[in-house]
Amino acid sequence: MTRERIAWLFENEKHDLALAERPECHQDGTSYGAVYGRMHGNRPAPTITTGFMTPGRGRFVHPTEQRTLTAAEAARLQGFPDAFAFRPGPDRPPTRTQLAKWIGDAVTAPLGYAAALSALGPVLVDSGGPEHKP
């Protein structure tokens, strides 16, 4: 059914799945309209969560291809460099569940950097900056 729902979005040039096309549990009373949603190619990406591999958990359908985001695409949106290796051990590839958790639970690298600068800014100013020597 998921493939049919994703195909419907593209066939109808929509980004929101019609209520009648959703599973019964999402047809009435849900306040989360982005479930089974297609991303907009010309807008900021939605928040990446641990559910990014499942369209029923948010707006995670690729904007131009009939599929959900890949782990690499979600990681890129989270600010991870393309060469970043997600590994639970030296010679073990991660499971899909591990990837979804690590990527979806991550604080984006740009946001983490900005938060660190914000927290350290007053300290650096008060101390005269990193080059300050008493």
[X] and [Y]: which non-hydrogen atoms are nearest, and at how many Å?
X      : Y     : result
Met39  : Ala45 : CE-CB, 3.7 Å
Pro110 : Gly79 : CD-CA, 3.9 Å
Trp102 : Pro88 : CH2-N, 3.7 Å

Does any N or O in the side chain of [X] come within less than 3.5 Å of the main-chain N or O of [Y], such that one atom is a donor and the other an acceptor?
X     : Y      : answer
Arg38 : Pro63  : yes
Glu13 : Phe10  : no
Gln78 : Ile103 : yes

- prompt: Aromatic rings Phe80 and Phe86: how do their planes relate, parallel, tilted or perpendicular, breaks at 30° and 60°?
  reply: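 Perpendicular, since the angle between the ring planes exceeds 60°.
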field: Intermediate values then yes/no, side chain to side chain contact (heavy atoms under 4.5 Å, CB included), Val35 and Arg22
entry: CA-CA 9 Å; Val35 295; Arg22 296 177 185 210; 3.3 Å; yes
query: Who are the side-chain contact (heavy atoms from CB on, under 4.5 Å) partners of His40, not counting sequence neighbours?
result: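 In terms of side-chain contact (heavy atoms from CB on, under 4.5 Å), with neighbours along the sequence ignored, His40 is linked to His15, Asn42, Arg43, Arg59.
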Going by salt bridge (charged side-chain N to carboxylate O under 4.0 Å, His left out), name the residues that satisfy it together with [X], two or more places apart in sequence or in a different chain.
X      : answer
Lys101 : Asp105
Arg57  : none
Asp82  : Arg76

- prompt: Does a sphere of radius 6.0 Å around CZ in Phe84 hold more than 12 heavy atoms from other residues, nucleotides or ligands, not counting ones at 6.0 Å or beyond?
  reply: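 Count over threshold, so yes.
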What distance separates [X] [atom1] from [Y] [atom2], expressed to the nearest 0.5 Å?
X     : Y     : atom1 : atom2 : answer
Thr70 : Leu99 : OG1   : CG    : 10.0 Å
Thr54 : Tyr36 : OG1   : OH    : 9.0 Å
Met53 : Phe60 : CE    : CZ    : 11.0 Å

task: Let me see the working for Thr50 and Thr97 under side chain to side chain contact (heavy atoms under 4.5 Å, CB included), right down to the final yes or no.
output: CA-CA 8 Å; Thr50 58; Thr97 302; over 6 Å; no
Solution key, residues 2-9 side-chain donor-acceptor pairs under 3.5 Å, sequence neighbours excluded:
from : atom 1 : to    : atom 2 : distance (Å)
Glu4 : OE1    : Met1  : N      : 3.0
Arg5 : NE     : Glu21 : O      : 3.0

message: Going by side-chain hydrogen bond (donor to acceptor under 3.5 Å, both in side chains), name the residues that satisfy it together with Glu65, two or more places apart in sequence or in a different chain.
response: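 So Glu65 forms a side-chain hydrogen bond (donor to acceptor under 3.5 Å, both in side chains) with Arg67.
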